[in-house]
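Start at 1 with the first residue, then count along the sequence.
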Amino acid sequence: MIGVFAAISAAIAVAAGAFGAHGAAGQQEADWLRTGGLYQLIHAVAALAIMGFARGPAILLLAGGALFAVTLYAMALGGPRWLGAVTPIGGTLLIAGWLWAGWLFWRA
């Protein structure tokens with residue numbers, strides 16, 4: 001299922017980036033969509049790359065990337081600005097996923 005979620009996550013990231021480039025209401029909204037799309041896409045691909053060896057870290061990368069990006073997407077589409085306070089939780093999950101993956105690779 002990690003592969004399914006990673007593929008869907010990557011598709012959403014590409015769509016968000018395209019919308020940011022062509023349909024965002026303003027520059028701030030476009031920047032949020034671009035940043036969210038970039039982080040979500042990178043971490044979807046990373047999860048696909050490590051899912052066979054580091055399942056737990058792959059899940060954290062997907063969850064963190066999604067949480068990070070979705071809060072930015074929501075604000076870009078008119079959601080409340082307090083969502084910006086949730087965005088760093090996604091970033092923390094990303095950092096944890098990378099550190100966990102590094103630890104697993106180091107032990108191997």
Side-chain angles (χ1 to χ4, degrees):
M1 288 305 287
I2 292 173
V4 171
F5 288 117
I8 291 168
S9 185
I12 291 168
V14 172
F19 184 69
H22 303 290
Q27 188 59 48
Q28 178 65 63
E29 291 80 4
D31 289 344
W32 283 332
L33 290 163
R34 185 176 309 110
T35 300
L38 177 64
Y39 274 66
Q40 188 175 14
L41 182 60
I42 287 170
H43 291 91
V45 172
L48 286 171
I50 68 170
M51 69 182 189
F53 177 77
R55 184 174 181 82
I59 291 169
L60 275 184
L61 293 179
L62 282 175
L67 183 59
F68 182 91
V70 166
T71 56
L72 293 177
Y73 300 159
M75 289 190 307
L77 297 173
R81 298 292 176 128
W82 61 261
L83 287 170
V86 178
T87 308
I89 296 169
T92 301
L93 292 175
L94 293 173
I95 293 167
W98 283 114
L99 291 173
W100 188 4
W103 181 74
L104 289 176
F105 282 106
W106 181 71
R107 287 190 53 201

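Residues Y39 and W32 fall within the same hydrophobic cluster, defined by Ile, Leu, Val, Met, Phe, Trp and Tyr side chains chained together at heavy-atom separations under 4.5 Å. Both F68 and W98 belong to a single network of hydrophobic side chains, linked directly or stepwise wherever heavy atoms of I, L, V, M, F, W or Y lie under 4.5 Å apart. The hydrophobic cluster containing L60 also contains I50, counting ILVMFWY residues as joined when their side-chain heavy atoms lie under 4.5 angstrom apart, directly or transitively. Note on L38 and V14: separate hydrophobic clusters, where clusters join Ile, Leu, Val, Met, Phe, Trp and Tyr whose side-chain heavy atoms are under 4.5 Å apart, directly or indirectly. Clustering ILVMFWY residues whenever any of their side-chain heavy atoms sit less than 4.5 angstrom apart, transitively, puts L48 in a cluster other than the one holding F53.
Considering every non-hydrogen atom in both P57 and G97, the closest pair reads CB-O, 3.5 Å. Summarising the geometry of A54 relative to L104, their closest heavy-atom pair is CB-CD1, 3.8 Å, with the distance given to 0.1 Å. Pairing each heavy atom of L94 with each of G65, the nearest pair is CD2-N, 3.3 Å. Here the closest heavy-atom approach between residue L33 and residue A16 is recorded as CB-O, 3.6 Å.
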(request) With side-chain contact (heavy atoms from CB on, under 4.5 Å) as the test, would you mind laying out the steps for Y73 and I12 before giving the verdict? (result) CA-CA 10 Å; Y73 300 159; I12 291 168; 4.0 Å; yes

(request) Could you walk me through whether I59 and F5 pass the side-chain contact (heavy atoms from CB on, under 4.5 Å) test, one step at a time? (result) CA-CA 9 Å; I59 291 169; F5 288 117; over 6 Å; no

(message) Please determine whether side-chain contact (heavy atoms from CB on, under 4.5 Å) holds for the pair W103 and L99, giving the CA-CA distance in whole Å, both sets of side-chain angles, and the decisive distance to 0.1 Å.
(response) CA-CA 6 Å; W103 181 74; L99 291 173; over 6 Å; no

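Once rounded to the nearest 0.5 Å, the distance linking CG of L62 with CE of M1 reads 11.5 Å. Residue W82 holds its CH2 atom at 10.0 Å from OG1 of T71, rounded to the nearest 0.5 Å. The distance from the CH2 atom of W100 to the CG atom of L61 is 10.0 Å, given to the nearest 0.5 Å. Taken to the nearest 0.5 Å, the CG atom of L67 stands 6.5 Å off from the CD1 atom of I89.
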Check residues 19-31 and write down every donor-acceptor pair under 3.5 Å in which the side-chain atom is one partner and the other belongs to a residue at least two apart or another chain.
residue : atom : partner : partner atom : Å
Q27     : NE2  : D31     : OD1          : 2.8
E29     : OE1  : G26     : N            : 3.3
D31     : OD1  : R34     : NH1          : 2.8

